[in-house]
Amino acid sequence: MAKIKEIAVVASQTRLGDDVYSMWIKTKEITAQAVPGQFVDLYTKDGAKLLPRPISICETDKDKGLLRLVYRVVGGGTEEFSHYKEGDTIEVLGPLGNGFPLEAGGKGKKAFLIGGGIGIPPMLELAKHLPCEKQVVLGYRDVLFLNEEFSPYGDTYIATEDGSAGTKGNVLDAIREQGLKGDVIFACGPTPMLKALKAYAYEHEIECYLSLEEKMACGIGACLACVCKSKSVDEHSMVHNKRVCKEGPVFKAEEVEF
Amino acid sequence: MAKIKEIAVVASQTRLGDDVYSMWIKTKEITAQAVPGQFVDLYTKDGAKLLPRPISICETDKDKGLLRLVYRVVGGGTEEFSHYKEGDTIEVLGPLGNGFPLEAGGKGKKAFLIGGGIGIPPMLELAKHLPCEKQVVLGYRDVLFLNEEFSPYGDTYIATEDGSAGTKGNVLDAIREQGLKGDVIFACGPTPMLKALKAYAYEHEIECYLSLEEKMACGIGACLACVCKSKSVDEHSMVHNKRVCKEGPVFKAEEVEF
Amino acid sequence: MNTKVNLAGVELNNPVMTASGTFGSGEEYSEMINLNHLGAVVTKGVANVPWPGNPTPRIAETYGGMINAIGLQNPGMEVFIKRDIPFLKKYDTKIIVNVCGRTTEDYIEVVERLADEPVDMLEINISCPNVKEGGIAFGQDPKAVEAITREVKKYAKQPVIMKLSPNVTDIGVMAKAAEAGGADVLSLINTLTGMKIDINRRTFAVANKTGGLSGPAIKPIAVRMVYQAANAVKLPIIGMGGIMNAEDAIEFILAGATAVSVGTANFRNPYAAEEIVRGIEGYMKKYNVEDIRELIGAVR
Amino acid sequence: MNTKVNLAGVELNNPVMTASGTFGSGEEYSEMINLNHLGAVVTKGVANVPWPGNPTPRIAETYGGMINAIGLQNPGMEVFIKRDIPFLKKYDTKIIVNVCGRTTEDYIEVVERLADEPVDMLEINISCPNVKEGGIAFGQDPKAVEAITREVKKYAKQPVIMKLSPNVTDIGVMAKAAEAGGADVLSLINTLTGMKIDINRRTFAVANKTGGLSGPAIKPIAVRMVYQAANAVKLPIIGMGGIMNAEDAIEFILAGATAVSVGTANFRNPYAAEEIVRGIEGYMKKYNVEDIRELIGAVR
Ligand SMILES: Cc1cc2nc3c(=O)[nH]c(=O)nc-3n(C[C@H](O)[C@H](O)[C@H](O)COP(=O)(O)OP(=O)(O)OC[C@H]3O[C@@H](n4cnc5c(N)ncnc54)[C@H](O)[C@@H]3O)c2cc1C
Ligand SMILES: Cc1cc2nc3c(=O)[nH]c(=O)nc-3n(C[C@H](O)[C@H](O)[C@H](O)COP(=O)(O)OP(=O)(O)OC[C@H]3O[C@@H](n4cnc5c(N)ncnc54)[C@H](O)[C@@H]3O)c2cc1C
Ligand SMILES: Cc1cc2nc3c(=O)[nH]c(=O)nc-3n(C[C@H](O)[C@H](O)[C@H](O)COP(=O)(O)O)c2cc1C
Ligand SMILES: Cc1cc2nc3c(=O)[nH]c(=O)nc-3n(C[C@H](O)[C@H](O)[C@H](O)COP(=O)(O)O)c2cc1C
Ligand code: FES
Ligand code: FES
């Protein structure tokens, strides 16, 4: 079992609203290996765009060998993907990175699953696999997506920047407004959110795992494009630079410096 | 009426055998203006390939606004086009260049319509529009295509390099073998064939029109990429360099030097 | 909203012009776009006498670009003055004549002949990689750049744009040399010398062996050079090299260009130059930019 | 059919190697391709001490290419020797160590330390555009190229490959300087200095402002430089710059390269290097080429 680049076939694609799309692709070997928090690299057909696009694994259907990707159109690559229809092919490399430590959310614990914007998708696969009690906190700018799909797995709290749904503000505002408590945080989202969660976890002395983003080239740890500042010396270069694609994207909060 | 770049829709595409494809596209304004011997520029979707691909107009259906293009897959651009299906879009610029002089094949004349390889397609639209008596001579390496579609318009003679059909040899071998005579030649095909036809026409003192090929960038006469050596001074640069895309692709045989 | 920019006293309605050699003298493209909408038309290189150019094939497509070795085919200044200037004068756009030559005397002959013609600026091409005798040889040595600039300036009645070669170790040095020679404006970049080999025929893809690489492939090099030149001299800069759309044009302006030229993009999209004018306006609206001059060199 | 090539006495099973900095020390890619199938693995630059590299973002995609400003992050020679050499020794491929430094002494320290290690060749990177102190400054001045080559050669026990910068006016001059200094082999090209600006955030796309442009966009420049260098010196040349597939590799070989390096292509297709080895064999079969050495510099 190892990373593999496959030509996957699009099984379905739907628009979740705004510029967010949900695509199921058939990719047996990658799906078989995938764990929550890992990502895949998607390649465009347009040869003018060379680099793969990293997208988190949002759900897997291991029986059918299907992988779900939920992404926002922000540029030319995601724009291209959004036009794919059932039966189209797409090249995928994966699974990449390390997932969330499921053992940190063992039975008896109470976990926060926190997603901000396009950091929400990987939390769904995590919700499905974490054995502990789950409180899901989702932050949006305005239009909601995926939120209803979390309800089978735990109570879901919403924050929106414009106040159109749930708490007006960010995910921490929602946690405070609802007076939520927990033993461990699993989170993915924009850097300012992750930074605030790190401080919150430190203050409340709870365990915290953050999934980071950085510009990537190889996706497998060879090019050193995607490093983050780390507290401990990294095993690759011994210089406090961990590779998001290889040692990450999930890090223990104390481990990373923003 | 002028050149226009349109987003055309593919109406149908079929494979004619070997690597030759026939594609009908819906492009009203270009079709309305097109005359036999003109060409269009096709643009790839792959952004790595910048330049348009010049392809001759093989047939028009002016009522339906449809244009037929018959092309051989030789590289990445034609390869991309060959995958297009009904409903797909394709950007087209046209109509480009000057067509064959239909008046040179007026009633009472006996014309040769000679096509070699992928120079055959434009002869079909010409055959449909020339009022005179027509003898069609088609040269192939081995596998035939389009030949049957010429039969409504005149007697069709075939030459193949491997002798698998018709005369073994080239189009001139077929003309000689069949003892054909005519007043005027219209031809499109590889440069050696055009060169030989120029000599043949000179020897037999008959009028001769040749459609040339050259690497192109702009397709409209602005970049001076596609020149051929001409006997007379060209109107653009006054240096005996005519633009295949603008003054051509059809030239009087005496006019061009190979 | 102001999109006017000023190049050495010449005011352009907007910063978008066409790159020399890709747009003829505008006539062919005027069938498809409205030349009145362009800041300026820059003509194909004009020499003192007609030049036949190089043998074919003159171009080859490359990944995200193309190489050309047209070899500066042109009808010479007399035909150009009689035919092309009157054509361009019909439009509300500035006329910039690109000048080429084999020797300093050649350049001067053209510059003198154009002195009393209704052209707005002269762009001196000392960077063509495709002719043996002249062009690039001038453009790769700072002393030669300074000397030819000074000579041309002696005879020119219009503002002089020096068009620099990117095939150099330090573009800042070349920009300073042109400035020292008295240039009014700089244009950069011309094409990068490239080569393509046809592996099936085992021959060079263009007859001239080497040619000039243009198109979006070279844009990062061009943006870097515009940035470096803008930081080295005080002259206004016309930026070019791979501009395909308004975003690309704005990138050059933010890097320090006062105006931009659209070249290879015309071949992929004949409407490109006009669309870029509109796209820049759209960007200015989106970000509430009142005056385009606020954007010039705004990233540093 | 022979695909073996000889670089200064080192015989490679085939001419395909990996470009420094795009392939780590091979470990990551070994999960996907068989290193035994490659002519050589060229490692990421190794310095005397660990280097932290540049701040992020370190890369940005460009049209048909990318710019990078990794800044030569590396663990230093001691970790490299302990960890990476033993890993690579497990494979039937040649080991080429890319060496970087800030000063001549830095380079020499690494070269001396590697003298008795089981590495096959040293590639001296004097052309990195992304570190202030060293690298490219050496690579843009022919006197400096000659001097550092001579110094390195004094201490090196393995054959020395000098990796040249393309950011120069005349690559032939630089190639000759390296030859004069005693280089055994030349590698070219390193990346071209480029820049990308994010027009929405109005900032540089990579934190270092400029970065090195690589990928198929630059291939025509690279092929031209390999051709020019091959015509200027007698040394074998390792050609690179935008090689995406076997056709590209053959283009470099026909232009004069004895071997080729595959860089950015690995990011688009992790199987690229291995596929290129097979593709070259396919080409040789198709055209009945008995010995790959018949192709080296065959187009001139
Ligand atoms: C580990 C990881 C997981 C991700 N998961 C998701 C997800 O599940 N859903 C989703 O919508 N987005 C996700 N992203 C962000 C996603 O990769 C980018 O939105 C996408 O690459 C943009 O590509 P583009 O061509 O549309 O945009 P462009 O801006 O045109 O891309 C240009 C280049 O920048 C890179 N890039 C642009 N934005 C980002 C970014 N935010 N992070 C990293 N690289 C970027 C692209 O990959 C490309 O190389 C993830 C990023 C990372 C690193
Ligand atoms: C006026 C004219 C009419 C043509 N009509 C037809 C036609 O009806 N059917 C047909 O199959 N072919 C026709 N051709 C040839 C056709 O243009 C090329 O086969 C096609 O451009 C190849 O593109 P590619 O991407 O598949 O090949 P590649 O070799 O990958 O193309 C690379 C570049 O070279 C150019 N190129 C390659 N071959 C030719 C060629 N023979 N002539 C001009 N440019 C070339 C391409 O346009 C492109 O810019 C015509 C050419 C001209 C000039
Ligand atoms: C076909 C062609 C012909 C050119 N002819 C000239 C010329 O005559 N004079 C000149 O100064 N530059 C000439 N150039 C260079 C362009 O003006 C421009 O500097 C270069 O192509 C980079 O811009 P681009 O990438 O937008 O094309 C030519 C470029 C091309 C592609
Ligand atoms: C991410 C990245 C890192 C690189 N690091 C190095 C390096 O450490 N040393 C070096 O000599 N070249 C380095 N290079 C340059 C490559 O080895 C190669 O010369 C260049 O990228 C051109 O080849 P390509 O277009 O195939 O990538 C690096 C290139 C990239 C893209
Ligand atoms: S993307 Fe190459 S190391 Fe992470
Ligand atoms: S292709 Fe530009 S002049 Fe013919």
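If you're wondering where the values come from, they're calculated on a predicted model, not measured in any experiment. Every chain is numbered from 1 and lettered A, B, ... according to where its sequence line falls, protein lines coming before strand lines. Only this structure's heavy atoms are used, side chains among them; waters, hydrogens and symmetry mates stay out.
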Closest non-hydrogen contact found for E251(D) with M195(C) is OE2-O, 4.0 Å

Search all heavy atoms of P216(D) against all heavy atoms of Y63(C) and return the closest pair with its distance. CB-CG, 3.4 Å

Do the side chains of K196(D) and V223(C) get nearer than 4.5 Å, heavy atoms only? no

Between A222(D), P220(D), G194(D), who has the most heavy-atom pairs with chain C when the cutoff is under 4.5 Å? P220(D)

Examine whether an atom of I250(D) lies under 4.5 Å from a heavy atom of chain C, and if so say whether it belongs to the side chain, the backbone or both; otherwise answer neither. both

Given a strict heavy-atom distance threshold of 4.5 Å, which part of A255(D) is in contact with chain C: side chain, backbone, both, or neither? both

What residue in N200(D), T62(D), I218(D) has the most heavy-atom pairs under 4.5 Å with chain C? N200(D)

With chain C, which of I199(D), D198(D), V168(D) has the greatest number of heavy-atom pairs at distances under 4.5 Å? I199(D)

Heavy-atom check, side chain of T169(C) versus side chain of N167(D), under 4.5 Å: no

Does some side-chain heavy atom of T193(D) sit less than 4.5 Å from a side-chain heavy atom of I221(C)? no

Tell me if the centroids of the rings in F204(D) and Y227(C) come within less than 6.0 Å of each other. yes

Side chain, backbone, both or neither: which part of I253(D) has a heavy atom under 4.5 Å from chain C? neither

Between CG of L213(D) and CZ of R224(C), what distance do you get to the nearest 0.5 Å? 9.5 Å

Answer yes or no: is there a side-chain heavy-atom contact under 4.5 Å between E247(C) and I197(D)? no

Greatest number of heavy atom pairs closer than 4.5 Å to chain D - which of R300(C), K219(C), M244(C): R300(C)

